[in-house]
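Take a look at the following structure, please.
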Amino acid sequence: MPPTAVYPPIHGKAVETIVSLLAHERLMSLGVNRPDGWPQVTTVGYINDGLNLYFVTGRESQKLANIRADPRVSVSIHSNMDIVGAVGVSMAARATEVTDPVQIERLNRMMFERWPTVSVYCPATSSIAIIHLQPELVCAISASSGRSYTECFSLGEAASTPSPGNRNVTGPDALSAEARLF
């Protein structure tokens with residue numbers, strides 16, 4: 001087996017750019033490992049707190065069973081921001097269930113503040129699980145002039161630290177955020 005590639009640690013400008021993209025989007029593709037070895041990819045809604053992602057799933061779902069068996073997941077998020085050059089994010093992360101009621105309430109408030117017309121994070125019964133994804137590797141993808149560019153970063157403490165404000169950057173600043181990354 002070849003050695004795992006070593007990526008540089010993520011830096012502040014990359015965190016800011018990636019968090020801005022995460023805060024703009026609502027859907028991600030989530031890849032989990034099935035027991036038979038085949039990958040399973042589904043699209044789920046999410047919210048982010050800095051680089052950390054959260055989503056809900058049914059307790060009886062195959063997705064949750066797969067995560068419990070192997071918490072390693074892959075995430076892909078494509079930006080729909082109206083800027084020159086498509087921007088996306090790919091992550092390798094570890095999934096854990098959120099069980100702390102205070103944390104669940106905090107996530108419910110975040111969801112309502114960010115997406116007031118969506119109420120999917122308000123678990124009223126034990127049939128729903130909230131899953132936290134803590135990234136270990138983040139790759140930012142940019143496309144311009146018909147070519148794509150990828151820059152990957154390893155994460156240490158950056159993943160567990162929420163980004164101040166989760167600012168949404170739009171208009172000309174969104175393009176400059178992309179340019180700062182590469």
Side-chain angles (χ1 to χ4, degrees), residues 14-34 38-67 70-98 103-104 106-123 127-143 148-153 155 159 162-163 165-171 173-175 177-178 181:
V15 171
E16 180 182 329
T17 300
I18 293 167
V19 167
S20 175
L21 180 140
L22 295 175
H24 273 89
E25 302 307 322
R26 293 181 9 177
L27 297 175
M28 68 179 171
S29 297
L30 175 72
V32 298
N33 298 306
R34 292 177 14 159
W38 284 92
Q40 175 188 6
V41 177
T42 56
T43 301
V44 296
Y46 74 91
I47 59 170
N48 72 298
D49 186 10
L51 296 172
N52 291 283
L53 303 176
Y54 299 87
F55 71 94
V56 297
T57 189
R59 291 206 175 276
E60 303 299 320
S61 70
Q62 183 63 47
K63 178 174 30 245
L64 184 58
N66 293 342
I67 287 171
D70 186 347
R72 297 172 302 155
V73 301
S74 291
V75 170
S76 175
I77 299 169
H78 168 76
S79 175
N80 289 318
M81 287 191 287
D82 213 7
I83 61 173
V84 177
V87 177
V89 174
S90 176
M91 295 183 180
R94 299 240 177 225
T96 56
E97 184 175 352
V98 177
Q103 176 76 339
I104 291 170
R106 184 181 76 81
L107 293 169
N108 281 331
R109 282 192 310 274
M110 282 177 57
M111 180 66 186
F112 182 73
E113 289 170 7
R114 189 160 310 150
W115 310 109
T117 60
V118 179
S119 60
V120 298
Y121 267 79
C122 302
S127 64
I128 295 174
I130 298 176
I131 305 299
H132 167 221
L133 302 180
Q134 183 169 350
E136 294 183 7
L137 173 69
V138 175
C139 296
I141 301 108
S142 173
S148 64
Y149 304 92
T150 303
E151 188 168 353
C152 295
F153 304 97
L155 279 79
S163 185
N166 282 342
R167 297 180 320 177
N168 289 337
V169 179
T170 59
D173 289 341
L175 180 58
E178 175 189 346
L181 184 59

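All heavy atoms count here, side chains included; hydrogens, waters and symmetry mates do not.
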Check whether any side-chain heavy atom of Asn52 lies under 4.5 Å from a side-chain heavy atom of His132, and answer yes or no.
->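 They are in contact (side-chain heavy atoms under 4.5 Å apart), so the answer is yes.
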Could you state the interatomic distance from CE (Met111) to CZ (Arg26), rounded to the nearest 0.5 Å?
->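 Answer for the CE-CZ pair, Met111 versus Arg26, is 6.5 Å.
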Supply the atom-to-atom distance Arg94 CZ to Leu133 CG, rounded to the nearest 0.5 angstrom.
->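 Going from CZ on Arg94 over to CG on Leu133, the span is 12.0 Å.
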Mind checking what makes side-chain contact (heavy atoms from CB on, under 4.5 Å) contact with Ser90, not counting sequence neighbours?
->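 Cys139, Ile141.
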Name all residues meeting the side chain to side chain donor-acceptor pair (under 3.5 Å) criterion together with Ser61; count only those two or more places apart in sequence or in a different chain, and write none if there are none.
->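 Side chain to side chain donor-acceptor pair (under 3.5 Å) check on Ser61 returns Thr57.
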When Val138 is tested against each of Val15, Ile18, Val75 for side-chain contact (heavy atoms from CB on, under 4.5 Å), which residue passes?
->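 Per the side-chain contact (heavy atoms from CB on, under 4.5 Å) rule, the option paired with Val138 is Ile18, out of Val15, Ile18, Val75.
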So, do Leu155 and Glu136 sit near enough that their side-chain heavy atoms are less than 4.5 Å apart?
->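 SC-SC contact between Leu155 and Glu136 ruled out.
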Nearest-0.5 Å distance, CG of residue Leu22 to CG of residue Leu53 =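 Separation between the atoms: 5.5 Å.
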Name all residues meeting the side-chain contact (heavy atoms from CB on, under 4.5 Å) criterion together with Ser29; count only those two or more places apart in sequence or in a different chain, and write none if there are none.
->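 Checked Ser29 against side-chain contact (heavy atoms from CB on, under 4.5 Å); matches are Val41, Thr43, Ser76.
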Nearest 0.5 Å, what's the CG-CG distance between Asn48 and Leu21?
->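 Taking CG in Asn48 and CG in Leu21, the distance rounds to 9.5 Å.
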Atom OG in Ser79, atom CD in Glu25: separation rounded to 0.5 Å?
->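 Rounded to the nearest 0.5 Å, the OG-CD separation comes out at 4.5 Å.
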Of all the heavy-atom pairs spanning Ala93 and Pro135, show the shortest one and how long it is.
->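 Smallest interatomic distance, heavy atoms only, reads CB-CA, 3.7 Å.
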Do you know which two heavy atoms are closest between Gly45 and Phe55, and how far apart they sit?
->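 Closest approach of Gly45 to Phe55: O-CB, 3.2 Å.
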How close do Arg114 and Ala23 get, heavy atom to heavy atom, and via which atoms?
->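 For Arg114 versus Ala23, the nearest heavy atoms are CD-O, 3.9 Å.
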Identify, with sequence neighbours excluded, every residue that meets side chain to side chain donor-acceptor pair (under 3.5 Å) alongside Arg109.
->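 Scan of Arg109 (side chain to side chain donor-acceptor pair (under 3.5 Å), adjacent residues dropped) gives none.
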Taking all heavy atoms of Ile67 and all of Ala95, pick out the closest pair and write down the distance.
->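 Minimum heavy-atom separation between Ile67 and Ala95: CG2-CB, 3.5 Å.
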So do Arg106 and Asp49 actually touch side chain to side chain, heavy atoms under 4.5 Å?
->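 Side-chain contact under 4.5 Å: yes.
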Can you tell me how far CG of Leu51 sits from CE of Met91, rounded to the nearest 0.5 angstrom?
->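 Met91 atom CE to Leu51 atom CG measures 5.5 Å (nearest 0.5 Å).
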Ile131/Leu64 under side-chain contact (heavy atoms from CB on, under 4.5 Å): CA gap, chis, key distance, verdict | CA-CA 9 Å; Ile131 305 299; Leu64 184 58; 3.6 Å; yes
Contacts of Asn33 that satisfy side-chain contact (heavy atoms from CB on, under 4.5 Å) - sequence neighbours left out =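 So Asn33 forms a side-chain contact (heavy atoms from CB on, under 4.5 Å) with Asp70, Arg72.
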Can you name the closest pair of heavy atoms from Leu107 and Ile47 and give their distance?
->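 Taking Leu107 first and Ile47 second, the nearest heavy atoms are O-CD1, 3.7 Å.
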